[in-house]
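Shown next, in structure tokens, is the structure this report addresses.
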Amino acid sequence: MNINRNIVVFLGPPGAGKGSLSKLCSQRLGWIQFSTGNVCRQHISEGTEIGKQIDFTIKSGKLISDGLITKMVADWLYLQLKNPGAVILDGFPRTRTQALALNDLLKSFDLSDIKLDIIKMVIPDSSIISRLSARYICQNNKCQAVYSMHTDSLKPKSGIICDDCTHPLIRRPDDEESAIKQRLETYYNHEKDLIEFYSEEGLAVKKLEVECPLDQVFDKLLALIDRAD
Ligand code: AMP
């Protein structure tokens with residue numbers, strides 16, 4: 001395996017902008033994004049067995065099982081790690097069990113020495129709620145581009161249509177207020193465990209303030225990744 005690469009883990013509450021930042025990193029740096037949320041939504045819209053199993057859980061804003069999500073990541077990572085370039089894990093690990101599973105996966109792929117950058121996005125809850133209430137995503141499950149009706153630079157160019165693939169834009173069912181509350185609660189419950197886990201592992205969790213324009217978030221991210229800890 002080629003080990004001249006790193007894995008960037010984005011930790012952050014829903015609405016922190018993990019997807020938008022991942023997309024920018026892919027466009028500007030060629031990094032490869034793996035969003036567990038996108039894969040789950042793809043299963044649902046394709047009506048696969050997994051999709052039927054997880055549909056209700058996702059709509060209610062809860063986490064799906066560690067075992068199922070880890071299997072999805074393992075299959076993807078196994079294929080991707082043969083290619084060069086950084087990998088972004090967007091939305092995984094989300095629990096201590098998943099973080100342990102990621103370490104075990106890297107060991108099993110003989111990649112224990114790979115550089116892991118753990119980036120924790122920071123944003124006040126009030127901003128999250130206003131961001132999520134203005135969020136639209138592309139209905140095309142191969143695209144799932146994210147837009148915001150509140151921010152000029154993130155608005156679609158015309159109507160409620162995706163700039164990239166011209167499919168209609170929709171609201172995510174789990175962006176409804178009751179699901180948002182559940183998702184935030186779930187996120188904060190597990191965030192503490194994850195930070196504890198990585199500090200026990202001797203890995204710095206680098207804080208990235210994300211309440212600013214995406215270009216600035218991108219520059220701050222690069223500075224954090226370059227910083228040796
Ligand atoms: P996201 O697009 O990252 O906000 O994820 C949407 C939903 O997918 C989450 O609310 C969970 O139901 C599910 N999901 C995504 N990633 C994970 C994960 N690592 N562990 C468990 N459930 C997940």
Side-chain angles (χ1 to χ4, degrees), residues 7-23 25-26 33-46 48 50-77 87-106 116 118-121 123 125 127-129 131-148 169-195 197-198 210:
I7 294 182
V8 182
V9 171
F10 283 160
L11 304 181
K18 300 186 287 295
S20 303
L21 186 58
S22 300
K23 186 173 172 191
C25 292
S26 304
Q33 172 201 16
F34 187 71
S35 155
T36 42
N38 283 1
V39 175
C40 291
R41 282 184 290 278
Q42 208 163 329
H43 274 289
I44 293 172
S45 69
E46 287 171 1
T48 65
I50 292 181
K52 287 178 199 152
Q53 218 179 307
I54 63 180
D55 191 18
F56 181 73
T57 311
I58 294 213
K59 284 195 182 116
S60 55
K62 298 194 173 142
L63 292 185
I64 66 171
S65 79
D66 288 326
L68 190 55
I69 208 88
T70 301
K71 167 90 176 69
M72 290 178 192
V73 174
D75 292 346
W76 181 85
L77 210 52
V87 164
I88 304 168
L89 291 181
D90 161 5
F92 182 92
R94 252 173 159 105
T95 65
R96 188 185 177 97
T97 307
Q98 293 177 17
L100 258 170
L102 177 60
N103 277 6
D104 289 345
L105 277 178
L106 295 177
L116 264 186
I118 314 293
I119 306 293
K120 172 172 132 43
M121 297 182 173
I123 181 168
D125 283 359
S127 308
I128 289 174
I129 292 169
R131 279 186 180 195
L132 293 183
S133 61
R135 174 158 84 174
Y136 279 74
I137 64 163
C138 176
Q139 191 179 36
N140 171 7
N141 63 39
K142 301 269 183 308
C143 174
Q144 298 193 39
V146 181
Y147 295 88
S148 170
L169 305 181
I170 51 166
R171 301 257 302 124
R172 277 173 48 172
D174 60 348
D175 279 348
E176 296 311 322
E177 207 179 320
S178 58
I180 294 175
K181 282 192 189 133
Q182 172 70 59
R183 287 162 68 206
L184 281 175
E185 197 183 311
T186 307
Y187 173 77
Y188 290 120
N189 280 341
H190 290 289
E191 185 194 68
K192 204 169 99 317
D193 291 347
L194 284 171
I195 293 173
F197 174 82
Y198 283 117
V210 293

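For ligands, and for the atoms within them, numbers begin at 1 and follow the listed sequence.
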Is there a nitrogen or oxygen of [X] sitting under 3.5 Å from a nitrogen or oxygen of ligand 1?
{"X": "Ile64", "answer": "yes"}
{"X": "Asn38", "answer": "no"}
{"X": "Lys62", "answer": "yes"}
{"X": "Ser35", "answer": "no"}
{"X": "Arg41", "answer": "yes"}

task = Show the numbers, then the answer: is there a side-chain contact (heavy atoms from CB on, under 4.5 Å) between Thr36 and Val39?
result = CA-CA 5 Å; Thr36 42; Val39 175; 5.6 Å; no

query = Nearest protein heavy atom to atom 16 (N) of ligand 1, by residue and atom, and its distance?
reply =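 Ranked first by proximity to atom 16 (N) of ligand 1 is Thr36 OG1, 2.8 Å.
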
request  = Identify the protein heavy atom lying closest to atom 13 (C) of ligand 1, giving its residue, its atom name and the separation to 0.1 Å.
outcome  =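 Closest protein heavy atom to atom 13 (C) of ligand 1: Ile58 CD1, 3.9 Å.
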
query = Knowing that exactly one of Val8, Leu102, Leu11, Leu116 qualifies, which makes a side chain to side chain contact (heavy atoms under 4.5 Å, CB included) with Leu89?
reply =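 Among Val8, Leu102, Leu11, Leu116, the one that satisfies the side chain to side chain contact (heavy atoms under 4.5 Å, CB included) with Leu89 is Leu102.
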
message = Does either side chain, that of Ser178 or that of Gln182, offer a donor lying less than 3.5 Å from an acceptor on the other one?
response =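 Distance-only check fails for Ser178 and Gln182.
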
query = Do the side-chain N and O atoms of Thr48 and His43 include a donor-acceptor pair separated by under 3.5 angstrom?
reply =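 Present: a donor and an acceptor within the cut-off.
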
ask   = Are Glu185 and Lys181 ion-paired here, with the side-chain N under 4.0 Å from a carboxylate O?
value =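 No salt bridge links Glu185 with Lys181.
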
message = Taking Ala145's backbone N and O only, do any of them form a donor-acceptor pair with Lys23's side chain (distance below 3.5 Å, no angle check)?
response = no

request  = Answer yes or no: is there a donor N or O on one side and an acceptor on the other, between the side chain of Arg171 and the main chain of Arg135, under 3.5 Å?
outcome  = yes

task = Could you tell me which non-hydrogen atom of Leu194 sits nearest to which non-hydrogen atom of Thr95, and how far apart they are?
result = CD2-O, 3.3 Å

remark   = In terms of its nearest heavy atom to atom 5 (O) of ligand 1, the top option of Gln98, Arg183, Arg94 is Arg94

ask   = Against heavy atoms of Phe92, which atoms of ligand 1 measure under 4.0 Å?
value =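 Contacts of ligand 1 toward Phe92, numbered from 1: 19 (N).
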
query = Atoms of ligand 1 less than 4.0 Å from Gly91 heavy atoms?
reply =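 Atoms satisfying the 4.0 Å criterion: 16 (N), 17 (C), 18 (C), 19 (N).
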
query = Using heavy atoms and a threshold below 4.0 Å, how should the contact between Ile69 and ligand 1 be classified: side chain, backbone, both, or neither?
reply = side chain

Residue part near ligand 1, for Arg172, under 4.0 Å between non-hydrogen atoms = side chain

